[in-house]
Amino acid sequence: MELLCSLVVTALALAHSVVAFSPPSIPLNWTTVYACAVDVPSRVISGVVTTVSSNVTAASCVEQCDAQNYIYAGVENGNECHCGTGLAGTPQIASTGDCNAACTGDQDLSCGGAWRIQVRAISNFRPGASVHT
């Protein structure tokens, strides 16, 4: 019985250590649309403008996109922020485990992965409202 308890405690400790990242906090009335999606060379976010930075987090990307009046934001590869005006179709959903790149702005948070993007959108966007052009 003692061995069984020891194994259970060890298994729980290992399972807990697999969770490498804290959930990101998303500001400004934005919401997660895709926790992890497959990106493509033509990009899943349309009208996209991409910046690469040594200080990216999901929150900083959303704030950057919001300040420029974009309605979509995505983090990818740990250091990329994608701002856009829409989605280019419906992205293929990927396992959240594929979005395992640490954010350059906070190593405790995940920011997508290689060709894996975490997509967020402004939650109070209304069709016909003014957006970045």
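Because the structure is predicted, anything quoted here is derived from the model rather than measured. FYI, side chains are in, hydrogens and waters are out, and symmetry mates aren't considered; it's all heavy atoms of this structure.
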Check step by step if side chain to side chain contact (heavy atoms under 4.5 Å, CB included) holds for Tyr34 and Ile93. CA-CA 7 Å; Tyr34 295 100; Ile93 295 172; 4.1 Å; yes

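Side-chain contact between Asp66 and Trp30 is present, with heavy atoms from C-beta onward closer than 4.5 Å. A 4.5 Å side-chain heavy-atom check between Tyr70 and Val49 finds at least one atom pair inside the cut-off. Side-chain contact between Val75 and Arg120: present, with at least one pair of heavy atoms (C-beta onward) separated by less than 4.5 Å. Taking the side chain as every heavy atom from C-beta outward, Val44 and Ile117 approach each other to under 4.5 Å. With contacts defined as side-chain heavy-atom distances shorter than 4.5 Å, the pair Trp115/Val40 does not qualify.
Judged by distance alone, the side chain of Ser110 and the main-chain N or O of Gly112 form no donor-acceptor pair under 3.5 Å. The closest donor-acceptor contact from the side chain of Asp106 to the backbone of Asp108 lies under 3.5 Å. Ser123 places no side-chain N or O within 3.5 Å of a backbone atom of Thr31 that could act as its donor or acceptor partner. The backbone N or O of Ala35 lies less than 3.5 Å from no partner atom in the side chain of Thr32, so there is not a single donor-acceptor pair.
Here Asn55 contributes atom CG and Thr57 contributes atom OG1; the two are 7.0 Å apart, rounded to the nearest 0.5 Å. For the atom pair CD (Glu80) and SG (Cys103), the distance works out to 12.0 Å, reported to the nearest 0.5 Å. The SG atom of Cys111 sits 9.0 Å away from the CG atom of Asn79 when rounded to the nearest 0.5 Å. Here Gln118 contributes atom CD and Cys61 contributes atom SG; the two are 10.0 Å apart, rounded to the nearest 0.5 Å.
Follow the hydrophobic side-chain contacts under 4.5 Å out from Leu87 and you reach Ile122 in the same cluster. In this structure, Ile45 is not a member of the same hydrophobic cluster as Val52, with clusters built from ILVMFWY side-chain heavy atoms closer than 4.5 Å. Note: the hydrophobic cluster containing Val33 does not contain Val38 (ILVMFWY, side chain heavy atoms under 4.5 Å, direct or indirect links). Each of Leu109 and Val56 belongs to its own hydrophobic cluster when Ile, Leu, Val, Met, Phe, Trp and Tyr are linked at side-chain heavy-atom distances under 4.5 angstrom.
The SG atoms of Cys99 and Cys36 lie less than 2.5 Å from each other. Cys pair Cys65/Cys83: SG-SG separation is below 2.5 Å.
Shown here for Ala101 and Gly78, the closest heavy-atom pair between the two residues is CB-N, 3.7 Å.
Among residue pairs with one or both ends in residues 30-52, those qualifying as salt bridge (charged side-chain N to carboxylate O under 4.0 Å, His left out) are Asp39-Arg43, Arg43-Glu76; sequence neighbours excluded. Contacts classified as side-chain hydrogen bond (donor to acceptor under 3.5 Å, both in side chains) and involving residues 89-98 (residues at least two apart or in different chains) are given here: Asp98-Arg116.
In summary, the side chains of Gln64 and Thr51 do present a donor paired with an acceptor at a separation below 3.5 Å, with no hydrogens or angles considered.
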